[in-house]
Amino acid sequence: MIPSIPRGTRDFSPAEISCRNFIISTVADVFRLSGYQPIETPAMENTETLTGKYGEEGDRLIFRVLNSGDFLKDADREKLNAADAAALLPSISGKALRYDLTVPFARYVVMHRNDITFPFRRYQMQPVWRADRPQKGRYREFWQCDADIIGTSSLLSEAELIGMVDDVFSRLGMEVVIKINNRKILSGIAASLGVKEKSFTAFVTALDKIEKTGYENAVKEMIERNIFSRPVKENELTEFLREMPQRSPDKIRELSPEAAKGVEEIETIYSFFEGDKMKSSTVLRDYTLARGLDYYTGTIIEVKPAAHTSGSSICGGGRYDDLTGIFGVPGLPGVGISFGIDRIYDVMKEMNLFERKGLQVPVSRLMFAHFGEAERKYAFRLSSEIRGAGISAEVYPDICKIKKQMEYAGKKGIPFVAVIGEDEMKSGMITLREMSTGEQCKLPPGDLSVKLKGEKH
RNA sequence: GUGAGAUUAGCUCAAUUGGUUAGAGCGCCAGAUUGUGGUUCUGGAGGUUGUGGGUUCGAUCCCCAUAUCUCACCCCA
(Lines give C-alpha, C1' and ligand atoms only; values in the text may rest on other atoms or scores of the structure.)
Protein backbone atom coordinates (compact mmCIF):
# COMPACT_ATOMS: atom_id res chain seq x y z
CA MET A 1 0.00 0.00 0.00
CA ILE A 2 1.31 3.41 -0.97
CA PRO A 3 0.75 5.84 1.91
CA SER A 4 -0.62 9.30 1.36
CA ILE A 5 -1.74 12.34 3.34
CA PRO A 6 -5.13 14.06 3.33
CA ARG A 7 -5.63 16.51 0.49
CA GLY A 8 -4.59 20.04 1.19
CA THR A 9 -2.09 18.98 3.85
CA ARG A 10 1.66 18.93 3.38
CA ASP A 11 4.85 17.43 4.73
CA PHE A 12 7.68 19.86 5.39
CA SER A 13 11.24 18.70 4.77
CA PRO A 14 14.34 20.13 6.47
CA ALA A 15 14.99 22.84 3.85
CA GLU A 16 11.39 24.05 4.05
CA ILE A 17 11.41 24.01 7.82
CA SER A 18 14.44 26.31 7.81
CA CYS A 19 12.58 28.83 5.70
CA ARG A 20 9.34 28.52 7.66
CA ASN A 21 11.13 28.85 10.98
CA PHE A 22 12.80 31.98 9.71
CA ILE A 23 9.40 33.54 9.01
CA ILE A 24 7.86 32.31 12.25
CA SER A 25 10.71 33.52 14.43
CA THR A 26 10.81 36.87 12.65
CA VAL A 27 7.12 37.42 13.33
CA ALA A 28 7.51 36.29 16.95
CA ASP A 29 10.46 38.64 17.47
CA VAL A 30 8.41 41.57 16.24
CA PHE A 31 5.42 40.61 18.36
CA ARG A 32 7.53 40.34 21.50
CA LEU A 33 9.23 43.63 20.78
CA SER A 34 5.88 45.35 21.30
CA GLY A 35 5.05 43.46 24.47
CA TYR A 36 2.77 40.76 23.07
CA GLN A 37 2.69 37.55 25.08
CA PRO A 38 2.34 34.04 23.66
CA ILE A 39 -0.57 31.71 24.34
CA GLU A 40 -1.65 28.43 22.80
CA THR A 41 -5.07 26.84 22.59
CA PRO A 42 -6.14 23.28 21.69
CA ALA A 43 -6.41 22.11 18.10
CA MET A 44 -9.99 21.12 18.93
CA GLU A 45 -12.72 23.30 20.33
CA ASN A 46 -16.22 22.37 21.34
CA THR A 47 -18.34 22.73 18.24
CA GLU A 48 -20.60 25.40 19.78
CA THR A 49 -17.55 27.60 20.32
CA LEU A 50 -16.89 27.77 16.60
CA THR A 51 -20.20 27.49 14.80
CA GLY A 52 -22.06 30.61 13.87
CA LYS A 53 -18.98 32.81 14.16
CA TYR A 54 -17.82 32.82 10.56
CA GLY A 55 -21.04 33.10 8.63
CA GLU A 56 -22.88 30.39 6.78
CA GLU A 57 -19.97 29.67 4.44
CA GLY A 58 -17.58 29.49 7.35
CA ASP A 59 -19.67 26.87 9.14
CA ARG A 60 -19.48 24.65 6.09
CA LEU A 61 -15.69 24.80 6.14
CA ILE A 62 -15.24 23.74 9.75
CA PHE A 63 -13.74 20.27 10.15
CA ARG A 64 -15.92 18.21 12.49
CA VAL A 65 -14.49 15.56 14.75
CA LEU A 66 -16.57 12.44 15.16
CA ASN A 67 -17.36 11.37 18.72
CA SER A 68 -15.10 8.61 20.00
CA GLY A 69 -16.25 5.05 20.42
CA ASP A 70 -19.66 4.02 19.20
CA PHE A 71 -20.71 7.41 17.90
CA LEU A 72 -23.97 6.03 16.58
CA LYS A 73 -25.10 4.97 20.05
CA ASP A 74 -26.36 8.45 20.89
CA ALA A 75 -27.19 9.47 17.35
CA ASP A 76 -30.52 11.09 16.71
CA ARG A 77 -32.34 8.12 15.09
CA GLU A 78 -34.92 10.27 13.45
CA LYS A 79 -32.34 12.49 11.75
CA LEU A 80 -30.25 9.46 10.88
CA ASN A 81 -33.11 7.74 9.13
CA ALA A 82 -34.00 10.93 7.34
CA ALA A 83 -30.35 11.15 6.15
CA ASP A 84 -30.36 14.76 7.31
CA ALA A 85 -26.62 15.28 7.79
CA ALA A 86 -26.78 18.82 9.11
CA ALA A 87 -29.37 17.96 11.74
CA LEU A 88 -27.67 14.69 12.68
CA LEU A 89 -24.29 16.33 13.26
CA PRO A 90 -24.83 17.66 16.82
CA SER A 91 -25.69 14.19 18.10
CA ILE A 92 -22.60 12.48 16.64
CA SER A 93 -19.95 15.22 16.76
CA GLY A 94 -19.22 17.57 19.64
CA LYS A 95 -15.74 18.74 18.73
CA ALA A 96 -14.25 20.56 15.75
CA LEU A 97 -10.82 21.68 14.57
CA ARG A 98 -10.17 25.37 15.07
CA TYR A 99 -10.90 27.51 12.00
CA ASP A 100 -8.86 30.53 13.04
CA LEU A 101 -7.13 31.86 16.14
CA THR A 102 -9.36 34.84 16.89
CA VAL A 103 -12.46 33.02 18.11
CA PRO A 104 -10.47 30.60 20.31
CA PHE A 105 -8.74 33.67 21.70
CA ALA A 106 -12.07 35.26 22.56
CA ARG A 107 -13.04 32.03 24.31
CA TYR A 108 -9.70 32.06 26.14
CA VAL A 109 -10.19 35.63 27.30
CA VAL A 110 -13.63 34.87 28.66
CA MET A 111 -12.44 31.78 30.54
CA HIS A 112 -9.36 33.48 31.96
CA ARG A 113 -10.69 37.00 32.37
CA ASN A 114 -10.00 37.06 36.10
CA ASP A 115 -6.31 36.30 35.58
CA ILE A 116 -5.76 38.68 32.70
CA THR A 117 -4.60 42.26 33.12
CA PHE A 118 -6.25 44.43 30.49
CA PRO A 119 -5.45 45.73 27.98
CA PHE A 120 -4.04 42.33 27.07
CA ARG A 121 -1.61 41.87 24.21
CA ARG A 122 -1.29 38.28 23.11
CA TYR A 123 0.23 36.51 20.16
CA GLN A 124 -0.48 33.02 18.96
CA MET A 125 1.12 30.99 16.19
CA GLN A 126 -0.55 27.68 15.47
CA PRO A 127 -2.05 25.69 12.63
CA VAL A 128 -5.70 26.10 11.71
CA TRP A 129 -7.88 23.91 9.49
CA ARG A 130 -10.45 24.66 6.83
CA ALA A 131 -12.34 22.10 4.74
CA ASP A 132 -11.88 24.22 1.64
CA ARG A 133 -10.97 22.93 -1.78
CA PRO A 134 -7.23 23.48 -2.13
CA GLN A 135 -5.80 25.75 -4.81
CA LYS A 136 -3.04 28.30 -5.24
CA GLY A 137 -2.11 29.68 -1.83
CA ARG A 138 -4.94 27.78 -0.20
CA TYR A 139 -4.40 24.80 2.05
CA ARG A 140 -6.61 22.79 4.37
CA GLU A 141 -4.03 22.98 7.11
CA PHE A 142 -2.09 26.22 7.44
CA TRP A 143 -0.52 28.43 10.06
CA GLN A 144 -1.74 31.74 11.32
CA CYS A 145 0.37 34.09 13.38
CA ASP A 146 -1.96 36.41 15.26
CA ALA A 147 -1.37 39.41 17.44
CA ASP A 148 -4.36 40.97 19.19
CA ILE A 149 -4.81 43.63 21.79
CA ILE A 150 -8.01 43.36 23.74
CA GLY A 151 -9.52 45.68 26.32
CA THR A 152 -8.99 49.04 24.66
CA SER A 153 -10.63 51.10 21.94
CA SER A 154 -7.59 53.26 21.46
CA LEU A 155 -6.67 53.71 17.82
CA LEU A 156 -3.06 53.76 18.93
CA SER A 157 -3.39 49.96 18.78
CA GLU A 158 -4.09 50.04 15.06
CA ALA A 159 -1.06 52.25 14.53
CA GLU A 160 1.01 49.87 16.60
CA LEU A 161 -0.14 46.85 14.58
CA ILE A 162 0.52 48.60 11.28
CA GLY A 163 3.99 49.44 12.52
CA MET A 164 4.51 45.78 13.36
CA VAL A 165 3.37 44.68 9.91
CA ASP A 166 5.89 47.08 8.41
CA ASP A 167 8.60 45.78 10.70
CA VAL A 168 7.91 42.12 9.88
CA PHE A 169 8.01 42.61 6.12
CA SER A 170 11.01 44.86 6.30
CA ARG A 171 12.86 42.10 8.16
CA LEU A 172 11.67 39.52 5.64
CA GLY A 173 12.82 41.77 2.81
CA MET A 174 9.47 42.07 1.11
CA GLU A 175 7.78 45.27 -0.07
CA VAL A 176 4.08 45.28 0.76
CA VAL A 177 0.99 47.39 0.32
CA ILE A 178 -1.10 47.85 3.45
CA LYS A 179 -4.67 48.80 2.66
CA ILE A 180 -6.81 50.26 5.35
CA ASN A 181 -10.51 50.94 5.53
CA ASN A 182 -13.26 51.09 8.13
CA ARG A 183 -16.47 49.13 8.42
CA LYS A 184 -18.26 52.33 9.42
CA ILE A 185 -17.37 53.87 6.08
CA LEU A 186 -18.71 50.80 4.32
CA SER A 187 -21.98 50.94 6.17
CA GLY A 188 -22.13 54.68 5.54
CA ILE A 189 -21.77 54.05 1.84
CA ALA A 190 -24.32 51.26 1.99
CA ALA A 191 -26.80 53.48 3.79
CA SER A 192 -26.37 56.32 1.33
CA LEU A 193 -27.00 53.93 -1.55
CA GLY A 194 -30.10 52.50 0.12
CA VAL A 195 -28.71 49.00 0.70
CA LYS A 196 -31.08 46.90 2.77
CA GLU A 197 -29.77 46.26 6.25
CA LYS A 198 -29.80 42.50 5.88
CA SER A 199 -28.00 42.77 2.54
CA PHE A 200 -24.98 44.56 3.95
CA THR A 201 -22.78 41.44 3.75
CA ALA A 202 -23.85 40.82 0.16
CA PHE A 203 -23.03 44.43 -0.66
CA VAL A 204 -19.63 44.16 0.97
CA THR A 205 -18.68 40.91 -0.80
CA ALA A 206 -19.73 42.36 -4.15
CA LEU A 207 -17.78 45.51 -3.43
CA ASP A 208 -14.75 43.44 -2.67
CA LYS A 209 -14.78 41.93 -6.14
CA ILE A 210 -14.16 45.26 -7.83
CA GLU A 211 -10.44 44.76 -7.86
CA LYS A 212 -10.76 41.28 -9.25
CA THR A 213 -13.60 41.42 -11.74
CA GLY A 214 -14.08 45.11 -12.37
CA TYR A 215 -16.78 47.67 -11.57
CA GLU A 216 -19.36 46.43 -14.06
CA ASN A 217 -19.42 42.90 -12.69
CA ALA A 218 -19.55 44.06 -9.09
CA VAL A 219 -22.46 46.35 -9.87
CA LYS A 220 -24.20 43.63 -11.84
CA GLU A 221 -23.93 41.32 -8.84
CA MET A 222 -25.36 43.96 -6.51
CA ILE A 223 -28.36 44.53 -8.72
CA GLU A 224 -28.94 40.83 -9.38
CA ARG A 225 -28.87 40.13 -5.67
CA ASN A 226 -31.53 42.78 -5.18
CA ILE A 227 -29.79 44.41 -2.26
CA PHE A 228 -31.25 47.88 -2.65
CA SER A 229 -34.40 49.12 -0.98
CA ARG A 230 -35.00 51.65 -3.74
CA PRO A 231 -34.44 51.63 -7.51
CA VAL A 232 -30.80 52.20 -8.45
CA LYS A 233 -29.55 52.91 -11.92
CA GLU A 234 -26.74 50.68 -13.03
CA ASN A 235 -24.63 53.35 -14.68
CA GLU A 236 -25.05 55.81 -11.82
CA LEU A 237 -23.99 53.19 -9.31
CA THR A 238 -20.97 52.25 -11.43
CA GLU A 239 -20.00 55.88 -11.66
CA PHE A 240 -20.41 56.38 -7.93
CA LEU A 241 -18.20 53.41 -7.09
CA ARG A 242 -15.64 54.31 -9.73
CA GLU A 243 -15.09 57.65 -8.04
CA MET A 244 -14.69 56.01 -4.66
CA PRO A 245 -10.92 55.47 -4.63
CA GLN A 246 -10.19 59.06 -5.66
CA ARG A 247 -12.73 60.50 -3.31
CA SER A 248 -11.28 62.76 -0.66
CA PRO A 249 -11.90 62.04 3.04
CA ASP A 250 -14.14 65.12 3.13
CA LYS A 251 -16.37 63.73 0.39
CA ILE A 252 -16.79 60.51 2.33
CA ARG A 253 -17.67 62.45 5.48
CA GLU A 254 -20.60 63.97 3.64
CA LEU A 255 -22.18 60.55 3.05
CA SER A 256 -23.38 60.02 6.61
CA PRO A 257 -22.40 60.68 10.23
CA GLU A 258 -21.32 57.06 10.54
CA ALA A 259 -19.05 57.29 7.51
CA ALA A 260 -17.65 60.51 8.96
CA LYS A 261 -16.81 58.63 12.13
CA GLY A 262 -14.98 55.99 10.08
CA VAL A 263 -13.00 58.62 8.23
CA GLU A 264 -12.13 60.23 11.53
CA GLU A 265 -10.76 56.94 12.81
CA ILE A 266 -8.58 56.37 9.78
CA GLU A 267 -7.23 59.92 9.96
CA THR A 268 -6.43 59.43 13.65
CA ILE A 269 -4.46 56.28 12.85
CA TYR A 270 -2.57 58.17 10.15
CA SER A 271 -1.83 60.98 12.56
CA PHE A 272 0.26 58.63 14.70
CA PHE A 273 2.59 58.10 11.77
CA GLU A 274 2.83 61.74 10.82
CA GLY A 275 6.22 62.40 9.27
CA ASP A 276 7.38 58.82 9.73
CA LYS A 277 8.47 56.80 6.76
CA MET A 278 7.45 53.18 6.54
CA LYS A 279 10.39 50.86 6.08
CA SER A 280 8.91 48.38 3.69
CA SER A 281 5.29 49.29 3.15
CA THR A 282 2.95 51.67 1.41
CA VAL A 283 -0.13 52.42 3.49
CA LEU A 284 -3.18 53.27 1.42
CA ARG A 285 -6.71 54.31 2.25
CA ASP A 286 -9.06 52.18 0.19
CA TYR A 287 -12.72 52.92 0.80
CA THR A 288 -13.76 49.87 -1.22
CA LEU A 289 -11.63 47.44 0.78
CA ALA A 290 -14.13 45.02 2.26
CA ARG A 291 -12.23 41.97 3.37
CA GLY A 292 -12.56 40.66 6.83
CA LEU A 293 -14.77 38.38 8.84
CA ASP A 294 -18.23 39.29 9.98
CA TYR A 295 -17.10 40.25 13.45
CA TYR A 296 -15.09 43.28 12.37
CA THR A 297 -16.79 46.56 13.27
CA GLY A 298 -14.19 49.29 12.77
CA THR A 299 -10.80 49.36 11.12
CA ILE A 300 -10.04 46.69 8.54
CA ILE A 301 -6.58 46.00 7.22
CA GLU A 302 -5.31 43.91 4.35
CA VAL A 303 -1.71 43.34 3.27
CA LYS A 304 -0.50 42.17 -0.12
CA PRO A 305 2.95 41.88 -1.64
CA ALA A 306 3.76 45.03 -3.63
CA ALA A 307 4.78 42.76 -6.51
CA HIS A 308 1.40 40.93 -6.58
CA THR A 309 -1.27 43.41 -5.52
CA SER A 310 -3.83 41.44 -7.50
CA GLY A 311 -2.98 38.20 -5.74
CA SER A 312 -4.22 36.90 -2.45
CA SER A 313 -3.58 38.63 0.83
CA ILE A 314 -0.77 37.52 3.10
CA CYS A 315 -1.93 39.31 6.20
CA GLY A 316 -5.16 40.82 7.40
CA GLY A 317 -6.95 42.07 10.44
CA GLY A 318 -9.34 44.49 11.97
CA ARG A 319 -11.12 45.90 14.96
CA TYR A 320 -14.04 44.29 16.76
CA ASP A 321 -16.10 46.14 19.35
CA ASP A 322 -17.34 43.14 21.21
CA LEU A 323 -15.85 39.80 20.29
CA THR A 324 -16.30 38.26 23.73
CA GLY A 325 -19.95 39.30 23.89
CA ILE A 326 -20.90 36.11 22.07
CA PHE A 327 -19.45 34.20 25.03
CA GLY A 328 -21.31 36.27 27.59
CA VAL A 329 -18.73 38.89 28.49
CA PRO A 330 -19.58 42.15 26.74
CA GLY A 331 -17.62 45.37 26.71
CA LEU A 332 -14.19 44.14 25.64
CA PRO A 333 -13.17 45.86 22.40
CA GLY A 334 -10.04 44.79 20.57
CA VAL A 335 -8.07 44.81 17.37
CA GLY A 336 -5.89 42.17 15.80
CA ILE A 337 -3.75 41.19 12.87
CA SER A 338 -3.05 37.79 11.35
CA PHE A 339 -0.07 36.76 9.25
CA GLY A 340 -0.56 33.85 6.87
CA ILE A 341 2.86 32.34 6.92
CA ASP A 342 2.17 29.71 4.28
CA ARG A 343 1.33 32.38 1.74
CA ILE A 344 4.25 34.51 2.86
CA TYR A 345 6.45 31.46 2.31
CA ASP A 346 5.03 30.97 -1.19
CA VAL A 347 5.67 34.58 -2.17
CA MET A 348 9.18 34.61 -0.70
CA LYS A 349 9.98 31.37 -2.49
CA GLU A 350 8.73 32.77 -5.78
CA MET A 351 10.76 35.95 -5.34
CA ASN A 352 13.88 34.02 -4.28
CA LEU A 353 13.98 35.99 -1.04
CA PHE A 354 15.23 33.05 1.01
CA GLU A 355 18.46 32.79 -0.98
CA ARG A 356 19.50 36.25 0.14
CA LYS A 357 18.93 35.33 3.76
CA GLY A 358 21.61 32.65 3.64
CA LEU A 359 19.41 30.19 5.48
CA GLN A 360 21.00 26.86 6.23
CA VAL A 361 19.52 23.50 6.90
CA PRO A 362 20.84 22.38 10.27
CA VAL A 363 23.54 19.78 9.76
CA SER A 364 26.44 18.50 11.84
CA ARG A 365 29.51 20.71 11.65
CA LEU A 366 31.77 17.71 11.98
CA MET A 367 31.53 14.05 11.07
CA PHE A 368 33.86 11.33 12.24
CA ALA A 369 34.81 8.77 9.61
CA HIS A 370 36.49 5.65 10.85
CA PHE A 371 38.08 2.38 9.75
CA GLY A 372 36.79 -0.15 12.21
CA GLU A 373 35.36 -1.10 15.53
CA ALA A 374 38.11 0.38 17.73
CA GLU A 375 38.25 3.59 15.71
CA ARG A 376 34.50 3.99 15.86
CA LYS A 377 34.53 3.67 19.64
CA TYR A 378 37.34 6.23 19.82
CA ALA A 379 35.35 8.58 17.56
CA PHE A 380 32.26 8.13 19.69
CA ARG A 381 34.09 9.42 22.79
CA LEU A 382 35.62 12.31 20.86
CA SER A 383 32.22 13.27 19.45
CA SER A 384 30.73 13.68 22.87
CA GLU A 385 33.68 15.85 23.93
CA ILE A 386 33.26 18.05 20.90
CA ARG A 387 29.54 18.45 21.54
CA GLY A 388 30.46 19.57 25.02
CA ALA A 389 32.26 22.45 23.36
CA GLY A 390 29.03 23.37 21.59
CA ILE A 391 29.92 21.97 18.19
CA SER A 392 27.46 19.65 16.50
CA ALA A 393 29.06 16.37 15.56
CA GLU A 394 28.11 12.88 14.47
CA VAL A 395 29.88 9.58 14.04
CA TYR A 396 29.20 7.58 10.90
CA PRO A 397 27.17 4.75 12.37
CA ASP A 398 28.21 1.80 10.21
CA ILE A 399 31.57 0.28 9.61
CA CYS A 400 32.20 0.53 5.90
CA LYS A 401 34.50 1.91 3.27
CA ILE A 402 35.84 5.40 3.90
CA LYS A 403 34.71 6.39 0.42
CA LYS A 404 31.13 5.74 1.33
CA GLN A 405 31.46 7.75 4.54
CA MET A 406 32.99 10.68 2.65
CA GLU A 407 30.27 10.51 0.06
CA TYR A 408 27.67 10.72 2.78
CA ALA A 409 29.32 13.76 4.38
CA GLY A 410 29.68 15.50 1.04
CA LYS A 411 26.09 14.90 0.01
CA LYS A 412 24.78 15.93 3.39
CA GLY A 413 26.76 19.17 3.34
CA ILE A 414 28.74 18.45 6.49
CA PRO A 415 31.63 20.94 6.32
CA PHE A 416 34.31 18.97 8.20
CA VAL A 417 35.24 15.31 8.39
CA ALA A 418 37.64 13.91 10.96
CA VAL A 419 39.23 10.67 9.80
CA ILE A 420 40.09 8.17 12.50
CA GLY A 421 42.34 5.29 11.48
CA GLU A 422 45.04 3.18 12.99
CA ASP A 423 47.67 5.89 12.31
CA GLU A 424 45.58 8.58 14.00
CA MET A 425 44.95 6.53 17.09
CA LYS A 426 48.63 5.59 17.34
CA SER A 427 49.99 9.10 16.82
CA GLY A 428 47.19 10.92 18.62
CA MET A 429 46.87 13.25 15.65
CA ILE A 430 43.48 13.45 13.93
CA THR A 431 43.18 13.98 10.20
CA LEU A 432 40.71 16.82 9.59
CA ARG A 433 39.36 17.38 6.10
CA GLU A 434 37.59 20.55 5.03
CA MET A 435 35.06 19.32 2.51
CA SER A 436 34.64 22.51 0.48
CA THR A 437 38.34 22.76 -0.39
CA GLY A 438 39.57 19.23 0.13
CA GLU A 439 42.37 20.54 2.34
CA GLN A 440 43.51 18.26 5.11
CA CYS A 441 45.58 18.80 8.22
CA LYS A 442 46.63 16.82 11.26
CA LEU A 443 45.96 18.05 14.75
CA PRO A 444 45.56 16.71 18.28
CA PRO A 445 41.92 16.00 19.28
CA GLY A 446 42.04 18.76 21.87
CA ASP A 447 42.51 21.36 19.13
CA LEU A 448 39.45 20.25 17.15
CA SER A 449 36.94 22.46 18.94
CA VAL A 450 39.16 25.55 18.68
CA LYS A 451 39.78 24.93 15.00
CA LEU A 452 36.10 24.39 14.22
CA LYS A 453 34.94 27.32 16.29
CA GLY A 454 37.45 29.58 14.61
CA GLU A 455 36.19 28.81 11.12
CA LYS A 456 33.22 30.84 10.11
CA HIS A 457 29.91 29.06 9.76
C1' G B 1 -20.18 22.67 -2.65
C1' U B 2 -19.64 23.95 -8.63
C1' G B 3 -16.57 23.86 -13.18
C1' A B 4 -11.92 22.97 -16.28
C1' G B 5 -7.16 20.55 -17.15
C1' A B 6 -3.53 16.99 -15.66
C1' U B 7 -1.51 12.05 -13.74
C1' U B 8 3.90 7.38 -17.79
C1' A B 9 10.90 5.08 -13.63
C1' G B 10 12.84 8.50 -7.36
C1' C B 11 12.57 13.63 -10.45
C1' U B 12 11.67 16.26 -15.35
C1' C B 13 9.57 14.57 -19.67
C1' A B 14 9.09 11.21 -24.62
C1' A B 15 6.37 7.11 -27.03
C1' U B 16 3.58 8.04 -34.90
C1' U B 17 -3.42 6.46 -36.34
C1' G B 18 -5.27 1.86 -30.92
C1' G B 19 -0.32 -2.49 -32.67
C1' U B 20 6.17 -6.29 -31.35
C1' U B 21 10.25 -5.90 -25.63
C1' A B 22 7.02 1.73 -22.99
C1' G B 23 12.36 5.27 -23.95
C1' A B 24 15.78 9.63 -22.63
C1' G B 25 18.23 13.02 -19.28
C1' C B 26 19.09 13.65 -14.25
C1' G B 27 19.18 10.84 -9.78
C1' C B 28 20.17 5.92 -7.48
C1' C B 29 23.42 1.32 -6.92
C1' A B 30 28.13 -1.16 -8.19
C1' G B 31 33.02 -1.04 -10.27
C1' A B 32 37.50 1.63 -12.31
C1' U B 33 40.06 3.68 -7.01
C1' U B 34 41.49 -2.28 -0.53
C1' G B 35 42.87 5.43 3.69
C1' U B 36 39.23 10.06 1.11
C1' G B 37 33.22 12.91 -1.40
C1' G B 38 32.32 16.51 -5.81
C1' U B 39 34.91 15.55 -12.07
C1' U B 40 35.40 11.49 -15.62
C1' C B 41 34.68 6.47 -17.61
C1' U B 42 32.19 1.47 -17.47
C1' G B 43 28.22 -1.49 -16.00
C1' G B 44 23.47 -2.29 -13.39
C1' A B 45 18.78 -1.93 -11.02
C1' G B 46 14.33 0.54 -11.40
C1' G B 47 7.33 0.55 -14.62
C1' U B 48 0.67 -3.80 -13.15
C1' U B 49 1.52 3.70 -17.63
C1' G B 50 -2.59 6.86 -10.33
C1' U B 51 -6.53 3.09 -8.99
C1' G B 52 -11.01 0.14 -10.48
C1' G B 53 -14.19 -1.17 -14.34
C1' G B 54 -15.63 -1.13 -19.71
C1' U B 55 -15.03 -1.17 -25.36
C1' U B 56 -11.54 -4.01 -28.60
C1' C B 57 -8.26 -9.57 -31.57
C1' G B 58 -5.13 -5.91 -29.03
C1' A B 59 -5.43 0.09 -24.65
C1' U B 60 -0.19 4.59 -22.08
C1' C B 61 -3.77 6.13 -26.14
C1' C B 62 -11.02 5.51 -26.54
C1' C B 63 -15.36 5.41 -22.65
C1' C B 64 -17.16 5.40 -17.33
C1' A B 65 -16.13 5.78 -12.16
C1' U B 66 -12.73 7.10 -8.35
C1' A B 67 -8.23 9.28 -5.92
C1' U B 68 -4.64 13.00 -6.07
C1' C B 69 -2.49 17.51 -8.12
C1' U B 70 -3.14 22.26 -10.67
C1' C B 71 -6.39 26.32 -12.00
C1' A B 72 -10.96 29.03 -11.60
C1' C B 73 -15.89 29.96 -8.89
C1' C B 74 -17.71 30.40 -3.78
C1' C B 75 -15.18 32.00 0.37
C1' C B 76 -10.65 33.11 2.61
C1' A B 77 -4.48 33.41 5.43
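Note on naming: letters A, B, ... go to the chains in the order of the sequence lines (proteins, then strands), and numbering restarts at 1 for each one. If you're wondering where the values come from, they're calculated on a predicted model, not measured in any experiment.
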State whether the distance check finds a donor on one side and an acceptor on the other, under 3.5 Å, for side chain A:Arg433 versus base B:U36.
-> yes

Would you call A:Arg121 and A:Asp148 a salt bridge, taking side-chain N to carboxylate O under 4.0 Å as the test?
-> no

Which of B:U36, B:G1, B:C71 is nearest the side chain of A:Gln135? It is B:C71

Paired with B:C69 by Watson-Crick or G-U wobble geometry, both distances under 3.5 Å: which nucleotide is it?
-> B:G5

With rounding to whole Å, what would you report as the distance between B:G43 and B:C69 at their C1' atoms?
-> 37 Å

Among B:U36, B:A77, B:C75, which is the nearest nucleotide to the side chain of A:Glu57?
-> B:C75

Taking N and O atoms by type only, does the side chain of A:Arg7 place a donor or acceptor under 3.5 Å from a partner on the base of B:A67?
-> no

Rounded P spacing from B:U8 to B:C61 in Å | 13 Å

Between A:Lys404 and B:U36, does any side-chain N or O lie under 4.0 Å from OP1 or OP2?
-> no

Touch class at under 4.0 angstrom, heavy-atom based, for A:Gly372 against every strand present | nothing

Taking atom types as modelled, is there a side-chain donor on A:Ser281 or A:Asp166 under 3.5 Å from an acceptor on the other?
-> yes

Give one of base, sugar-phosphate or nothing for A:Gly55, where a contact means two heavy atoms less than 4.0 Å apart.
-> nothing

When only distance counts, do a donor and an acceptor, one from the side chain of A:Gln405 and one from the base of B:G35, lie under 3.5 Å apart?
-> no

If the plane angle is over 60° it's perpendicular, under 30° parallel, otherwise tilted; pick one for A:Phe105 and A:Tyr108.
-> parallel

Base, sugar-phosphate alone, or nothing: which one does A:Cys145 contact when heavy atoms must sit under 4.0 Å apart?
-> nothing

Can a donor-acceptor pair under 3.5 Å be found between the side-chain atoms of A:Arg138 and the base atoms of B:C75?
-> yes

Contact class for A:Tyr139 (heavy atom, under 4.0 Å): base, sugar-phosphate, or nothing?
-> base

Sorted by position of nearest nucleotide on RNA chain B, 5' first, the leading residue of A:Ser338 and A:Pro134 is A:Pro134

Less than 4.0 Å between a side-chain N and a carboxylate O, is that true for A:Arg433 and A:Glu439?
-> no

Candidates B:G37, B:G31, B:U36 - which lies nearest the side chain of A:Met435 | B:G37

Does B:G37 have OP1 or OP2 sitting under 4.0 Å from an N or O in the side chain of A:Lys412?
-> no

Which nucleotide in the set B:C29, B:U36, B:C75 lies at the smallest distance from any side-chain heavy atom of A:Lys403?
-> B:U36

Indicate, with a heavy-atom threshold strictly under 4.0 Å, whether A:Ser436 touches base, sugar-phosphate, or nothing.
-> base

Could you check whether A:Ser313 gets within reach of a base, just the sugar-phosphate, or nothing at all, counting any heavy atom under 4.0 Å?
-> sugar-phosphate

Reckon A:Lys209 touches a base, only the sugar-phosphate, or nothing at all at heavy-atom distances under 4.0 Å?
-> sugar-phosphate

With a non-hydrogen cut-off below 4.0 angstrom, is A:Gln440 in contact with a base, only sugar-phosphate, or nothing?
-> base

NA contact type, A:Glu56, heavy-atom cut-off 4.0 Å: base, sugar-phosphate, or nothing?
-> nothing

Using atom P of each nucleotide, how far apart are B:A59 and B:U21 to the nearest Å?
-> 12 Å

Are A:Thr299 and A:Glu158 linked by a side-chain donor-acceptor pair shorter than 3.5 Å?
-> yes

Stacking check: are the rings of A:Phe142 and B:A77 less than 5.5 Å apart at their centres and under 30 degrees in tilt?
-> yes

Using a heavy-atom cut-off of under 4.0 Å over every strand shown, decide if A:Gly137 touches base, sugar-phosphate, or nothing.
-> base

NA contact type, A:Arg343, heavy-atom cut-off 4.0 Å: base, sugar-phosphate, or nothing?
-> base

